[in-house]
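This report refers to the structure that appears directly beneath it.
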Amino acid sequence: ERQAMATVKRKEKLQSEAEITACYPKEWVTVEVVTTDRKGYWKGGRVIAHGPNREDSLKRLRYWRAKHPEARIAHVFTGPLMAEEMAILN
């Protein structure tokens, strides 16, 4: 069964990486990155979209990116994945 991707308004509250992971377990989450650590890894931001399907989340990410090309975006899975599968898109 396929579930729809949820889209969040840009004015969504800032959340830490831990809060986002807790709120959206085992989902693909697109985050407007607001804070990073010294290595550039995202540590907090605003949730743009979330859902269980990677393909749908990538479509939403591309749509949002086209409207906000200046934004730093992270697209992550909050369940178990290898670290190299997560990245910040500049």
Side-chain angles (χ1 to χ4, degrees):
E1 178 180 333
R2 196 165 171 179
Q3 296 179 357
M5 190 79 183
T7 302
V8 182
K9 293 181 181 178
R10 191 162 191 200
K11 294 180 183 179
E12 186 69 23
K13 69 178 181 171
L14 292 177
Q15 293 179 288
S16 70
E17 175 186 11
E19 290 171 322
I20 291 169
T21 299
C23 286
Y24 309 103
K26 297 181 182 177
E27 288 192 33
W28 286 97
V29 181
T30 302
V31 179
E32 178 184 14
V33 175
V34 177
T35 58
T36 59
D37 65 14
R38 291 180 187 200
K39 294 180 181 180
Y41 185 77
W42 78 280
K43 289 296 171 186
R46 292 179 186 91
V47 173
I48 298 165
H50 64 91
N53 183 287
R54 184 178 187 202
E55 196 174 294
D56 290 343
S57 67
L58 285 172
K59 286 178 188 176
R60 185 64 194 146
L61 181 152
R62 290 182 194 108
Y63 173 81
W64 201 88
R65 167 58 95 199
K67 298 217 174 258
H68 307 284
E70 76 292 349
R72 294 183 69 195
I73 299 173
H75 181 245
V76 298
F77 185 72
T78 58
L81 268 186
M82 297 173 69
E84 58 267 13
E85 293 183 61
M86 300 180 206
I88 291 180
L89 308 174
N90 289 315

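These numbers come from a predicted model, not from an experiment.
- At least one donor-acceptor pair under 3.5 Å links the side chain of Thr78 to the backbone N or O of Lys26.
- No donor-acceptor pair under 3.5 Å is formed between the side chain of Ser57 and the backbone N or O of Gly51.
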Give the intermediate values and the outcome of side chain to side chain contact (heavy atoms under 4.5 Å, CB included) for residues Arg46 and Leu14.
-> CA-CA 5 Å; Arg46 292 179 186 91; Leu14 292 177; 3.7 Å; yes
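- Atom OG1 of residue Thr21 and atom CZ of residue Phe77 lie 11.0 Å apart, to the nearest 0.5 angstrom.
- Within the model, atoms CG of Asp37 and NZ of Lys43 stand 5.0 Å from one another, a figure rounded to the nearest 0.5 Å.
- Ring planes of Trp28 and His75: parallel class, angle under 30° (limits at 30 and 60°).
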Between Arg72 and Thr36, does a side chain to side chain contact (heavy atoms under 4.5 Å, CB included) hold up when you go through it step by step?
-> CA-CA 10 Å; Arg72 294 183 69 195; Thr36 59; 3.6 Å; yes
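- For the pair Ser16 and Glu19, the tightest heavy-atom approach, listed with the atom from each and the gap, is N-OE1, 2.7 Å.
- No donor-acceptor pair closer than 3.5 Å links the side chain of Thr30 to the backbone N or O of Ile48.
- The shortest distance between side-chain heavy atoms of Trp42 and Ile20 falls below 4.5 Å.
- Val33 and Tyr63 sit in two unconnected hydrophobic clusters of ILVMFWY residues. Membership requires side-chain heavy atoms under 4.5 Å apart, directly or through other members.
- Judged by distance alone, with hydrogens and angles left aside, the side-chain atoms of Arg65 form a donor-acceptor pair with the main-chain N or O of Ala71 at under 3.5 Å.
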